[in-house]
Amino acid sequence: MIIDCHGHYTSEPPAFLEYRKQQVAALKDPSKAPGPLRISDDEIREKLEPAQLKFQRERGTDVTIFSPRASAMGHHVGDAVMSVAWTRVCNDMIHRIVNLYPKNFIGVCQLPQSPGVPPANCIPELERCVKELGFVGCNLNPDPSGGYWKEPPLTDKWWYPVYEKMVELEVPAMVHVTATCNPAFHTTGSHYLNADTAAFMQFLTSDLFKDFPTLKFVIPHGGGAVPYHWGRYRGMAQDLKRPPLAELLLNNVYFDTCVYHQPGIDLLVKVIPADNILFASEMVGAVKGIDPETGNYFDDTRRYVDGAAGLSAEDKRKIFEGNALKVYPRLSKQISRQTSSARA
Ligand SMILES: [Zn+2]
């Protein structure tokens, strides 16, 4: 089985986008508040079929761990009450999609974070998504300010209530920022990758995983700049009298394969142990086009893993399937549950 651990719902029907537009407009003018969201199953299918589903079929991947569009989480927009309302709408939409296509998608939730608001406020929605909707993980934003980095580092006790709940529920988090409102950063081109790199360095300098030995994070986008600078990080850990990286964080931190060219994946698999790499594509959206050098979609990451020199068949099985089942402890049961519901 090929499990894509990083997909977002980026093929929303126009009514969904309009709903959010009205919700944001209502911040200034409450008369613009949206009515109930009305979208038919057919409208959902119509947009999803020629996008995520088409690419799954063409590329021969089986199931995508699917969450709301990350750049639209918009934690910095409005207040905590609005973030809760929007997050519920987004997560409910993922749940509908999972019900429409139980063999193709497994749900992961966005969290109702809000700048300056203790992340403990996310616990009710996390519990709802895991216990009631069957989701297997969450996306955790280390910077709800949208590019101004005002929150304590992920290793601060500020975040501990969420970690306690994640451990209890056996769900990992993907470290994932939303759009940036800081014009110095481009959302997908720098803000995402900066956040991945920043989170790793926070983990390196802390004893978070002594406090939470089973807590797990996926750092997406190939780990930002981390694998490329692995020597720097190993050296810094040594200078700081930290344990070697493998001991310090490789039982808890994983990297995905959302690196959109062969040399990038070759480096990733050479530097990072195969046990810590999860297959992912982040399709559709981050980079939509076709690479003129190869004639293939940039985000067709299965080709790069298939083509990576030095990966044994066993390593590939881990990257495509085994590691995801390990990092998302609820995944295996949820796949069985959804497969049998699809048959029924
Ligand atoms: Zn993403």
Side-chain angles (χ1 to χ4, degrees), residues 3-12 20 48 51-52 55-56 59 61 63-76 86-87 90-91 93-94 97-98 104-111 113 129 135-144 146-147 154 171-180 185-200 216-227 253-261 264-265 268 277-289 297-302 304-305 319 323-324 327-328 331:
I3 301 167
D4 183 341
C5 81
H6 187 177
H8 300 292
Y9 183 39
T10 50
S11 44
E12 312 96 321
R20 174 61 169 172
L48 205 58
Q52 280 86 355
F55 288 127
Q56 269 189 358
R59 298 174 187 180
T61 62
V63 62
T64 302
I65 297 180
F66 206 51
S67 60
R69 183 192 286 265
S71 63
M73 294 189 294
H75 295 129
H76 50 280
W86 172 235
T87 297
C90 291
N91 290 333
M93 198 65 179
I94 296 297
I97 290 163
V98 167
N104 301 83
F105 299 106
I106 300 282
V108 154
C109 62
Q110 101 180 30
L111 295 173
Q113 296 176 250
C129 288
F135 288 15
V136 301
C138 59
N139 290 336
L140 185 67
N141 181 356
D143 173 31
L154 286 176
V171 293
M174 180 171 279
V175 176
H176 211 310
V177 285
T178 183
T180 171
F185 300 131
H186 180 277
T187 292
T188 49
S190 54
H191 187 42
Y192 280 18
L193 308 180
N194 295 346
D196 303 337
T197 311
F200 182 82
K216 288 187 170 33
F217 291 99
V218 178
I219 302 187
H221 321 111
V226 171
V253 176
Y254 300 81
F255 301 90
D256 80 8
T257 63
C258 294
V259 178
Y260 291 162
H261 66 153
I265 291 291
L268 177 72
I277 302 172
L278 274 65
F279 172 71
S281 69
E282 205 180 24
M283 59 93 173
V284 179
V287 176
K288 291 199 184 79
Y297 283 99
F298 282 103
D299 66 6
D300 185 357
T301 52
R302 182 182 167 185
Y304 313 133
V305 176
I319 291 171
N323 294 341
V327 172
Y328 296 81
L331 180 58

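Whatever order the structure lists them in is the order used to number ligands and atoms, beginning at 1.
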### Message
Within the 3.5 Å criterion, strictly below it, is a donor on His8 or Ser67 matched to an acceptor on the partner's side chain?
### Response
yes
#### Entry: Gln52: side chain to side chain donor-acceptor pair (under 3.5 Å) partners, not counting sequence neighbours
Thr10, Ser11
### Task
Among His176, His75, Gln110, Gln113, find the one that has a side-chain hydrogen bond (donor to acceptor under 3.5 Å, both in side chains) with Asn141.
His75
### Query
Do any protein N, O or S atoms sit under 2.8 Å from the Zn ion (ligand 1), and which ones are they?
His6 NE2, His8 NE2, His176 NE2, Glu282 OE2
### Task
To the nearest 0.5 angstrom, please state how far the CG atom of Leu278 sits from the CD1 atom of Ile65.
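Output value for this atom pair is 7.5 Å.
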### Query
Should the ring pair Phe200 and Phe255 be called parallel, tilted or perpendicular, given that the plane angle runs from 0 to 90° and is split at 30 and 60?
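If you compare the ring of Phe200 with that of Phe255, the planes turn out tilted.
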### Query
Do side-chain atoms of Arg302 reach the backbone of Arg59 as a donor and acceptor pair under 3.5 angstrom?
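Present.
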